[in-house]
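Comments concern the structure below.
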Number of protein chains: 2
Amino acid sequence: MPDLIHDGDSAAAVSSLRSAVMLLGRRLKHQRVDESLSPTEMSVLGTLARCGSATPGELARKEHVQPPSMTRIVALLEAKGLVRLEPHPDDRRQKMVSQTEQAEAMLAESRTKRNAWLAQLAEGLDEDEWETLRAAAPVLEKLAHL
Amino acid sequence: MPDLIHDGDSAAAVSSLRSAVMLLGRRLKHQRVDESLSPTEMSVLGTLARCGSATPGELARKEHVQPPSMTRIVALLEAKGLVRLEPHPDDRRQKMVSQTEQAEAMLAESRTKRNAWLAQLAEGLDEDEWETLRAAAPVLEKLAHL
DNA sequence: GAGTGGTATTTAGTTTGGGTAATGAGTTAC
DNA sequence: GTAACTCATTACCCAAACTAAATACCACTC
């Protein structure tokens, strides 16, 4: 196994990555498209859009949140008509959570608004820098889900 | 001005970037080296390490938190002996915040532990992916501070 | 088929970390 | 010298996560 991150450059990169991710994350929290939806609620909708449907437990693991938190989030989303809860076919302990059409529409709108915000931010980057970021996006996503 | 992010690929990258940053940010929050230090407190120490010293107001702007939050953070850091407060030379309203030697030592230890955590995560990436991320780190940091 | 151990979700209560509004002290401009 | 502004702070509030405990269900053993 290559000793990926134990040289000086990579150590610096790790530090840089960490602080940038945390700072950007904090700023993104304030850019919510729908004031009534928390960042994690948005993220759950995103996950459902990718994965189809899932149980609360699966969602909690994917979002790295404790099960009770996911219970609350799912309940709020259901109250807003953004997800549907159905009984699990094989296991009556579990539930199946899936998004509604309303959620899909909201996600599309949200994507547009988020892009506008990031576009404004990205105007401070030059073409090369943006290209670098574009290449890194899928890798970052993979890393986040490891 | 180049229309950086309005093609399909870039829109996808933006979405990907956002969810990855938020998820990674949430996971990083849990990887605190010192249980008694919040992520933002760590981030403030990092900023001080880079910038030397700063006033609470400057720190608040750099970390994108409100001044009262920074007051509280600085007070906690001072109580832990990690920062020193001195009167501002020219303006008696302001204060100068700088890190102590103890903070420097803690940051070094923290860096080691963080690297270990990220190393474990990064083992799921191949060499090319890590290289991509390494290149992106400074750009992400620039973006976060724009 | 009753009992036991384990898992999924939920309920209740707590912590935390940040925000807004209002205050006090100090500076700057007129 | 006073009015307007800025920096830091104080007091209060809220959102969103957590832990621990309770409930409902499954699976396996005897």
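Here is how names work: the chains are called A, B, and so on, in the same order as the sequence lines, proteins then strands, and each is numbered from 1. These numbers come from a predicted model, not from an experiment.
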Practice item. Would you give a per-nucleotide map of nucleotides 22-27 of chain C, 5' to 3', where B means the base has a protein non-hydrogen atom under 4.0 Å away, S means only the sugar-phosphate does, and - means neither? Key: ---BBS
Measure the distance from [atom1] on [X] to [atom2] on [N] and round it to the nearest whole Å.
| X | N | atom1 | atom2 | result |
| --- | --- | --- | --- | --- |
| A:Q66 | C:dT14 | CD | C1' | 15 Å |
| A:R61 | C:dT7 | CZ | P | 11 Å |
| A:E58 | C:dT7 | CD | C1' | 13 Å |
| A:R72 | C:dG13 | CZ | P | 15 Å |
| A:K95 | C:dT7 | NZ | C1' | 15 Å |
| B:M70 | C:dG17 | CE | C1' | 12 Å |
| A:L85 | C:dA8 | CG | C1' | 13 Å |

Exercise for review: Determine, stepwise, if the pair B:M106 / B:M42 fulfils side-chain contact (heavy atoms from CB on, under 4.5 Å).
Suggested key: CA-CA 10 Å; B:M106 217 212 55; B:M42 281 300 304; 3.7 Å; yes
**Study point:** Salt bridge A:R134-A:E127, side-chain N to carboxylate O under 4.0 Å
**Key:**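 Salt bridge between A:R134 and A:E127, a charged N being under 4.0 Å from a carboxylate O: no.
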Exercise for review: Flag the pair A:E58 and A:R61 as a salt bridge only when some basic side-chain nitrogen lies within less than 4.0 angstrom of an acidic carboxylate oxygen.
Suggested key: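 No salt bridge links A:E58 with A:R61.
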Practice item. Give the intermediate values and the outcome of side-chain contact (heavy atoms from CB on, under 4.5 Å) for residues A:E104 and A:Q99. Key: CA-CA 7 Å; A:E104 231 160 322; A:Q99 66 172 356; 3.8 Å; yes
**Study point:** Residue whose nearest DNA chain D nucleotide is more 5′ - A:L76 or B:T71
**Key:**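 Result of the comparison: B:T71.
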Point to revise | Nucleotides bounding contact with chain A, strand DNA chain D, heavy-atom threshold 4.0 Å | key: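 For DNA chain D, the relevant span reads D:dA16 to D:dC26.
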**Study point:** Touch class at under 4.0 angstrom, heavy-atom based, for A:S38 against every strand present
**Key:**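 Sugar-phosphate only.
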Check your understanding: With sugar-phosphate meaning primed atoms plus P, OP1 and OP2, does A:P56 contact a base, only sugar-phosphate, or nothing at under 4.0 Å between heavy atoms?
Key ->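 Sugar-phosphate, backbone atoms only, no base.
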Check your understanding: Should A:E101 and A:R84 be marked as a salt bridge (charged side-chain N to carboxylate O under 4.0 Å, His left out) after you check the CA-CA gap, both sets of side-chain angles, and the distance that decides it?
Key -> CA-CA 10 Å; A:E101 307 69 34; A:R84 206 188 330 274; 3.4 Å; yes
Exercise for review: Determine whether A:L59 and A:V65 fall in the same hydrophobic cluster, where Ile, Leu, Val, Met, Phe, Trp and Tyr are linked whenever their side-chain heavy atoms lie under 4.5 Å apart.
Suggested key: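 No, because A:L59 and A:V65 fall into different hydrophobic clusters, even though each may have its own neighbours under 4.5 Å.
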Review point. With respect to the phosphate group of C:dG18, does any side-chain polar atom (N or O) of B:T40 fall under 4.0 Å of OP1 or OP2?
Key: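 Checking B:T40 against C:dG18: at least one side-chain N or O falls below 4.0 Å of OP1 or OP2.
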Check your understanding: Do B:T40 and B:E63 get their side chains close enough for a donor-acceptor pair, meaning under 3.5 Å?
Key ->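 No - no donor-acceptor pair under 3.5 Å links their side chains.
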Exercise for review: Carefully, step by step, assess B:M96 and B:L85 under the rule side-chain contact (heavy atoms from CB on, under 4.5 Å).
Suggested key: CA-CA 6 Å; B:M96 292 307 298; B:L85 271 84; over 6 Å; no
Practice item. For the pair A:D91 and A:T55, evaluate side-chain contact (heavy atoms from CB on, under 4.5 Å) and give the outcome as yes or no after the intermediate values. Key: CA-CA 11 Å; A:D91 187 338; A:T55 68; over 6 Å; no
